[in-house]
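The structure is given below, and queries will be raised subsequently.
Throughout, protein chains are lettered first and strands after them, A, B, ... in sequence-line order, and every chain is numbered starting at 1. Computed from a predicted structure; not experimentally measured.
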Amino acid sequence: MSALELSNIGLSFGGTPVLDDVSMHVAQGEFVSILGPSGCGKSSLLRLLTGALTPGRGEIRVGGAPLDGSPRAFAFMPQRDALMPWRRIIDNVILGLEIQGMGRAEARAKVRPLFATFGLDGFEHRYPAQLSGGMRQRAALMRTILQDRPVQLLDEPFGALDALTRAEMQRWLEHRWRDARWTTILVTHDVREAVALSDRIYVLSPRPARIIAEFEVPDRRPRLGRTLSPEAVRLEAELLDTLLTQTGDRS
Amino acid sequence: MTGSSSGAPAARPFGRVPAMFRTLLTSIRQGLPAIFSVAAALAAWEIYVRVSGISALVLPAPSRVVSQIADNRELLWANTWPTLQATLTGFAFSLSLAFTLSVLIDFVPKLRRALFPVFVISQTLPLVAIAPLVVLWFGFGLTPKILLVALVTFFPMLIALVDGYESTEPEIEALLASMGASRAGIFRRARLPSAMPYFFAGLRISITYAVVAAIFAEYVGARAGLGIVILNAKNSFRPDLMLAAVVISSALTLALFGATALMQWIVLGWRQAGAGR
Ligand SMILES: Nc1ncnc2c1ncn2[C@@H]1O[C@H](COP(=O)(O)OP(=O)(O)OP(=O)(O)O)[C@@H](O)[C@H]1O
Ligand SMILES: [Mg+2]
């Protein structure tokens, strides 16, 4: 059974159609990427899942049940890190737990042992402005994972990082994901990142977005830090080609 | 856990007290040029008065003003207290009103369009005309002073708060909503803290207006206060005593300004932490 299933989703803002008939599914423990040109509606798609927007058309099912009314299934990591500058890192990280009703002291005690895993040991009591870009992203990711929701939604988590930090973060995420197998939807416009991290990749057309291609990534893991298999290299080229030409007749 | 290995000052709660002294020393050092230029201006004034032999009834020397402060310290002290009381009560009233209304406006945006024009008009009223009327309507007690201080400070504080809420990063709000936070939860956890820098900016400006408004209200009609000292000194042709009262009122304003700066330093500690990286 799919952890998440979207069928024929349509969405418009005012009169402007943004999503046009999007269908996709994500299995338990699967890492799925959504690739698409800027402004095509990727963030809007995630906002449908978090409940910030409601689709004009179509259906979203989480674990087989319709989205509305079911307990919240998604932990969301916004496009910028959205750390609160006035909260120390530890208090940023427990935000989700706090909103779920856990007391601050209890939440802090619970998350403290996890700082080492996220490479933030010793930075619990710093403010976000005192951390490097990569550390801030790890803190934001930690805040996402700690909510303990079935599906993680990551909106271009490394988009704002410099190339080196980004490569480092991708390796780190690949490594963490191989241990934890979080069910994940990653939004990105970085082809290499999608190929390196995903089980499957959906490609969206420019606005109004449709799914114009779907690919399984053929290579075994880990993929970062070694030469990719010829199939994966070919996939990268094909993805880039699809994004650049947008002919949309592939699937 | 301690974070001491990497030597971050803000990582330790006790790091704040020495940090505060360091801040103080830094600001004194940075204040030296200002102290110097004020001293130079005073010296020039003193020399001019002595050399020109101008009458103290027209332009008293700074030394004379200082001696007036010393001679009249009991009078000045007795009249500073009512001014301070009027300023603080009026400002507290104005602040609570501004805060309450800012929250209402944040939750019911329509109120903004209904109320803001009224407040803008209230800011166009000349204090010289309004003050005597308010005194006429409410007498010589504390009420007209509270009202006049509020008239001057309320709207700037309201604007600071409302704009502050609006400055909240949309991504933080989206994040909170995705976590299941209510509108009130989003206000408390994101919008209110986001408004704090704006709030303190407004507070620092408004507190100086508040003192001026209180003194003016007294000047127009009161039993005691620095405004009354100034009025009486004027009527008895005593510019030296007037200036003595002015010095005291400036000192009062500076003290209140300093208190808000200290409050800001305590509440917005996270901003220094960020800057110190
Ligand atoms: N609240 C809104 N009202 C009107 N239009 C909107 C709104 N939010 C987004 N849009 C429009 O919808 C389109 C899709 O926006 P969205 O943020 O989902 O794109 P995106 O694929 O995430 O882009 P990027 O890669 O730049 O992050 C854009 O053209 C945007 O201008
Ligand atoms: Mg986006």
| remark: From the list Q147(A), E98(A), R149(A), side chain to side chain contact (heavy atoms under 4.5 Å, CB included) partner of M179(B) resolves to Q147(A)

| note | Looking only at heavy atoms, the pair that brings I172(B) and W86(A) closest together is CD1-CH2, 4.5 Å

| query | Can you tell me if E171(B) uses its side chain to pair, donor with acceptor, with the backbone of R80(A) under 3.5 Å? | reply | yes

| field | Side chain, backbone, both or neither of A177(B) within contact of chain A (heavy atoms, under 4.5 Å) | value | backbone

| task | Against chain B, label R87(A) side chain, backbone, both or neither, depending on which of its atoms sit under 4.5 Å from a heavy atom there. | result | side chain

| field | Over 12 non-hydrogen atoms of neighbours within 6.0 angstrom of CZ in F116(B) | value | yes

| field | From CZ (R189(B)) to CG (D91(A)), nearest 0.5 Å | value | 11.0 Å

| D155(A) side, atom CG; L175(B) side, atom CG - distance, nearest 0.5 Å | 12.0 Å

| field | Contact class of S194(B) relative to chain A, heavy atoms under 4.5 angstrom | value | both

| task | Of all the heavy-atom pairs spanning F76(A) and S178(B), show the shortest one and how long it is. | result | CB-OG, 3.5 Å

| task | Counting only heavy atoms closer than 4.5 Å, note whether I90(A) contacts chain B via side chain, backbone, both or neither. | result | neither

| field | More than 12 heavy atoms from other groups under 6.0 Å of CD1 on I28(B) | value | yes

| task | Quick one: closest heavy-atom pair of E169(B) and A82(A), and the distance? | result | OE2-CA, 4.2 Å

